[in-house]
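Order of listing sets the numbers, starting from 1, for every ligand and every atom in it.
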Amino acid sequence: MIAVENILRERIFNKERIVDLLNADANESKFIFEEAARIKKKYIGNKVHLRGLIELTNKCSKNCFYCGIASSNKKINRYCLSMDEIERAIKFTDDNNYGSIVIQSGELQSEEFVSYVEKILHKIVEISWGRLGVTLSCGEQSEDTYRRWREAGAHRYLLRIESSDENHYYKLHPKNAKHNFQTRINAIKSLKETGYQTGTGVMIGSPFQTIENLADDLLFMRDLDIDMCGMGPYIEHEDTPLFQYKNICFSKEDRLQLSLKMIAILRIMMKDINIASTTAMQTLVNGGREMALKAGANILMPNTTPSNYRENYSLYKNKPGMDEEAEDSKQSIETLIERAGYEVAYSEKGNAKHYYNRLVSSAV
Ligand code: SAH
């Protein structure tokens with residue numbers, strides 16, 4: 001094993017070295033976090049960009065083994081927000097100058113769903129006069145759907161690979177046509193080709209995952225040259241098949257440290273991408289999102305879903321902000337950004353600098 005300081009100085013991020021970094025103890029991790037903070041300051045600055053998050057629907061056609069809204073979970077009420085409810089959330093996000101909006105949902109491919117999202121996108125452009133940046137996180141879709149949504153106003157898309165190791169992927173998902181590993185990778189590539197700022201990510205500390213898997217995940221993101229990343233700790237959910245493995249997962253403390261190190265190493269490897277400080281960080285520990293910002297993340301997503309629906313969008317248990325109105329979430333988000341030593345970037349879309357740099361370098 002090579003000392004962390006040497007790896008950071010030499011800047012060779014191959015699998016072996018990344019594994020060393022992920023295995024760093026608390027004393028050595030300090031150097032990783034300091035380097036990530038230095039790079040973030042230089043390439044991103046002191047601002048944190050916001051994305052008002054709307055959880056459009058918990059209806060889902062898939063059966064991912066970790067996810068609380070998988071279609072086999074009969075214990076939750078299924079909802080889809082009405083256009084009125086969505087309009088209110090859009091107005092809230094725009095009135096509060098959040099700068100961007102994210103629409104997240106279960107995975108549905110029906111024409112009814114595709115055209116509903118299209119209508120919502122038109123509404124966002126209309127209400128905000130194009131002021132709001134728009135990210136979608138609505139799963140795998142055909143290239144045609146991605147194009148329709150792009151034309152309707154979406155310009156960023158997050159589709160997590162969840163695990164970049166095919167064997168591990170099938171420990172987290174059923175092995176069938178609906179959950180095909182290669183199809184998911186192709187979907188990420190087709191998002192890039194359709195012109196989206198493209199994001200992916202993984203769950204950290206999921207059952208059967210190894211440190212080597214996580215190192216490969218980081219290399220996967222670098223090789224795919226992604227613009228954005230959303231990754232966070234795996235949180236067990238009692239109404240899912242993977243719950244039975246809760247005793248063989250990494251401990252909560254290990255998941256926290258690994259998540260922070262994954263963010264920091266990715267920031268060092270891919271300096272100008274957008275990295276989200278995810279809700280799952282906060283679920284794992286109080287103050288988790290603040291820690292993620294300090295480790296290299298630069299994006300926060302206040303939840304603007306009407307509070308009466310939030311408990312039904314429980315991807316995992318104990319999600320924070322469940323009982324809060326959007327206004328309260330806004331307050332707490334601002335406080336946490338300031339506490340972490342950063343500034344809220346109001347009224348800015350906060351596009352990924354990497355996207356522009358990527359376009360420029362492919363043009364020369
Ligand atoms: N279905 C959409 C997005 C909805 S879920 C899609 O696949 O793009 C958003 C993310 O929540 C998922 O990508 C997954 O990484 C995360 N998630 C789901 N269940 C989780 C759990 N039990 N613990 C931690 N993260 C989870």
Side-chain angles (χ1 to χ4, degrees), residues 51 53-73 76 78 80 102-109 113 117 135-141 145-146 149 154 156-164 168-169 171-173 178-181 183-185 187-188 190-191 196 198-207 209 214 217 221 226 228-246 249-250 252 255-256 258-259 262 276-285 288-289 292 301 303 305 310 312-320:
R51 318 283 186 230
L53 170 68
I54 303 180
E55 294 156 339
L56 171 62
T57 178
N58 63 358
K59 294 180 187 171
C60 189
S61 65
K62 292 179 93 172
N63 256 318
C64 307
F65 293 149
Y66 46 84
C67 184
I69 65 167
S71 66
S72 58
N73 184 5
I76 53 169
R78 302 284 167 171
C80 181
V102 179
I103 309 282
Q104 198 187 76
S105 71
E107 292 198 28
L108 301 168
Q109 282 83 17
F113 178 72
V117 172
T135 310
L136 290 179
S137 180
C138 301
E140 286 162 45
Q141 303 288 343
T145 297
Y146 287 149
W149 288 346
R156 295 187 290 242
Y157 206 108
L158 179 71
L159 184 67
R160 291 186 177 180
I161 188 66
E162 315 295 359
S163 170
S164 65
H168 182 235
Y169 186 88
K171 302 260 190 217
L172 305 178
H173 304 92
K178 245 190 200 165
H179 302 79
N180 186 277
F181 178 67
T183 307
R184 198 153 179 98
I185 292 186
I188 301 172
S190 111
L191 285 165
Y196 285 92
T198 304
T200 192
V202 294
M203 283 180 301
I204 298 160
S206 61
Q209 192 177 43
L214 290 169
D217 292 338
M221 293 187 233
I226 52 149
M228 334 184 291
C229 174
M231 60 183 170
Y234 163 76
I235 316 268
E236 53 273 50
H237 187 303
E238 63 194 2
D239 302 321
T240 63
L242 285 185
F243 189 68
Q244 58 182 305
Y245 300 113
K246 66 178 192 305
C249 288
F250 287 102
K252 283 205 164 153
R255 270 181 262 171
L256 173 67
L258 278 174
S259 299
M262 286 287 283
S277 167
T278 55
T279 314
M281 290 297 299
Q282 186 71 15
T283 306
L284 193 71
V285 296
R289 276 179 297 191
M301 302 195 285
N303 199 339
T305 310
R310 288 191 199 175
N312 289 315
Y313 200 85
S314 50
L315 305 168
Y316 38 80
K317 282 287 149 95
N318 305 319
K319 256 177 80 180

Non-hydrogen atoms of Thr198 and Leu191 that approach each other most closely: OG1-C, 3.6 Å
Could you tell me if any non-hydrogen atom of Ser137 lies under 4.0 Å from any atom of ligand 1? yes
Does only the side chain of Ser105 get under 4.0 Å from ligand 1, or the backbone, or both, or neither? Count heavy atoms. backbone
Heavy-atom nearest neighbour of atom 8 (O) of ligand 1 within options Gly139, Cys67, Gly199: Gly139
Keeping the roles fixed (side chain from Asn58, backbone from Ile69), state whether a donor-acceptor pair exists under 3.5 Å. no
Enumerated ligand 1 atoms positioned under 4.0 Å from heavy atoms of Glu162: 12 (C), 13 (O), 14 (C), 15 (O)
Are the side chains of Pro207 and Phe65 in contact, using a 4.5 Å heavy-atom criterion? no
Please classify the Glu236 to ligand 1 contact at 4.0 Å (heavy-atom distances, strictly less than): side chain, backbone, both or neither. neither
Among all the protein's non-hydrogen atoms, which is closest to atom 26 (C) of ligand 1, and how far away is it? Met203 SD, 3.6 Å
Using a 3.5 Å distance criterion without hydrogens, assess whether the side chain of Arg289 forms a donor-acceptor pair with backbone atoms of Gln282. no
Checking heavy atoms under 4.0 Å, the part of Pro233 that sits near ligand 1 is backbone
Tell me yes or no: between the side chains of Tyr234 and Gln209, is some donor less than 3.5 Å from an acceptor? no
Check each of Met231, Arg160, Gln141, His237 against atom 10 (C) of ligand 1 and report the one with the nearest heavy atom. Arg160
Which heavy atom of the protein is the closest neighbour of atom 9 (C) of ligand 1, given with residue, atom name and distance? Gln104 NE2, 3.7 Å
In the protein, what heavy atom is nearest to atom 5 (S) of ligand 1, and what distance, to one decimal place, separates them? Leu315 CD2, 3.8 Å
Close approach of Arg184 to ligand 1, heavy atoms, under 4.0 angstrom: yes
Thr279 backbone acceptor or donor facing Thr283 side chain under 3.5 Å: yes
Would you mind finding which of Lys62, Glu107, Glu55, Glu140 brings a heavy atom closest to atom 7 (O) of ligand 1? Glu107
Would you please name every residue forming a ring pair (Phe, Tyr, Trp, His ring centres under 6.0 Å) with His179, sequence neighbours left out? none
Charged N to carboxylate O below 4.0 Å: is that the case for Arg184 and Glu140? yes
Say whether, by atom type as modelled, one donor and one acceptor occur between the side chain of Glu236 and the main chain of Tyr66 under 3.5 angstrom. no
In terms of atom number and element, which parts of ligand 1 are under 4.0 angstrom from non-hydrogen atoms of Leu159? 8 (O)
Considering distance alone, does some N or O of Cys138 sit under 3.5 Å from an N or O of ligand 1? no
Does ligand 1 have any atom sitting under 4.0 Å from a heavy atom of Tyr157? no
So which heavy atom on Cys64 is nearest to which on His173, and how close? SG-CD2, 3.5 Å
